[in-house]
2 protein chains.
Amino acid sequence: MNEAGGRVSSQLRKGVLEYCVLALLRDEPKYGVELLTELSAVSVMTTSQGTIYPLLSRLRREGFVDTELRESPSGPPRRYYALTALGTAALAEFAGAWPLFRDAVDHFLTDPQGDTA
Amino acid sequence: MNEAGGRVSSQLRKGVLEYCVLALLRDEPKYGVELLTELSAVSVMTTSQGTIYPLLSRLRREGFVDTELRESPSGPPRRYYALTALGTAALAEFAGAWPLFRDAVDHFLTDPQGDTA
DNA sequence: ACCAGGAACCATGCAATGCAAGATACTGCC
DNA sequence: GGCAGTATCTTGCATTGCATGGTTCCTGGT
């Protein structure tokens, strides 16, 4: 029940977080906590470890990312996630569907009756 | 199954459909099948009775809408749904949260590293 | 009167996904 | 050895869209 980004934002994240993560990995491999940090940079996308790790596992299981364990300069080893060709394609598919969806919601919010364009 | 608006759009709808319905009711009460038709006008929002009726039941249970049974000129009676003050407030809350969320996704899709503004 | 068909509504069971809470493991410092 | 900090992962749960099927009511043909 956090007020600022509460129930609404939580439901909004469904099905989008996955692609934000893929987008974050577009340029270079990153590890879990790093992704968490970059997501938090945009407050509405802030999420937790309990969300990100199952999500990353699923992405790996479905072949969207490859993983590689690397030693950390200080701490336990980090698992780095890198986009595969399949992951790139999935991201592209989302990038195509998103504007349609976004404009649809904008449409309903601003002009529900659609008559007085 | 529908490929064009398949798994991606389906997940995108989660948590948004509810508010699109509230937006549709903003100006005047409407009944189930009518909402289904207006949603379908924007293809990515197309959904089914199995989605809309449980959703409308929930909106009623939570006090976002009031219902009124009216006779139909031809067919069984129609249950009309009208926005309550609570529903109007929920819609306003969503209308406030949506632009933040929308811009966040746009940000990740277009500039995942966010450094070269 | 009777039956076929369609319009409208609703309930049940399932799948996908985000989340809170907790468990495990590795490193460095004292 | 013990403690703190970083990082990964698992389990159980709540929410929500969806497919399927069933019920009620009206209309039209015979």
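In this text the structure is predicted, and so the values were computed from the model without any measurement. Within every chain, numbering begins at 1; the chains are lettered A, B, ... in the order of the sequence lines, protein sequences first and strands thereafter.
Phosphate contact (OP1/OP2 of D:dA7, side-chain N/O of A:Arg78, threshold under 4.0 Å): present. For the pair A:Ser48 and C:dC19, the criterion of a side-chain N or O lying under 4.0 Å from OP1 or OP2 is not met. Side-chain N/O atoms of A:Tyr31 include none lying less than 4.0 angstrom from OP1 or OP2 on D:dT8. In terms of phosphate contacts, B:Arg58 brings no side-chain nitrogen or oxygen within less than 4.0 Å of OP1 or OP2 of D:dA14. In this structure, B:Ser10 reaches the D:dC18 phosphate: one of its side-chain N or O atoms is under 4.0 Å from OP1 or OP2. Residue B:Thr51 has a polar side-chain atom (N or O) positioned under 4.0 Å from OP1 or OP2 of D:dC18.
Protein atom CZ of A:Arg61 is 13 Å distant from nucleotide atom C1' of D:dC9, rounded to whole Å. Following rounding to the nearest Å, A:Ile52 (CD1) and D:dT10 (P) show an atom-to-atom distance of 15 Å.
Among the nucleotides D:dT6, C:dC19, D:dT10, the one closest to any side-chain atom of A:Leu17 is C:dC19. Residue B:Arg60 places its side chain closer to C:dC10 than to any other of D:dC9, C:dC10, C:dG18. The nucleotide whose nearest atom lies closest to any side-chain atom of B:Gln11 is, among C:dA16, D:dT6, C:dC9, C:dA16. In this structure, of D:dC18, C:dA25, D:dG17, it is D:dG17 that holds the atom nearest to the side chain of B:Leu55.
A salt bridge does not link A:Arg60 with A:Asp66: every distance from a Lys NZ or Arg NE/NH1/NH2 to an Asp or Glu carboxylate oxygen is 4.0 Å or more. No salt bridge links B:Glu71 with B:Arg78; every basic N to acidic carboxylate O contact stays at or beyond 4.0 Å.
Taking the six-membered ring for Trp and thresholds of 30 and 60 degrees, B:Trp98 and A:Phe101 have ring planes more than 60 degrees apart, a perpendicular arrangement.
Nucleic acid contact for B:Tyr81: sugar-phosphate only, since backbone atoms but no base atoms lie under 4.0 Å from a heavy atom of the residue. Using a 4.0 Å heavy-atom cutoff across all strands shown, A:Leu56 reaches no nucleic acid atom at all.
Judged by distance alone, with hydrogens and angles left aside, A:Gln49 brings no side-chain donor or acceptor close enough to the base of C:dC19 to form a pair under 3.5 Å.
Proximity of a side-chain donor or acceptor of B:Arg13 to a complementary backbone N or O of B:Val44 within less than 3.5 Å is detected. Here the side chain of B:Lys30 pairs a donor or acceptor atom with the backbone of B:Leu24 at under 3.5 angstrom.
Comparing A:Gly32 and B:Thr47 by the nucleotide of DNA chain D that holds the closest heavy atom to each, the one mapping nearer the 5' end is A:Gly32.
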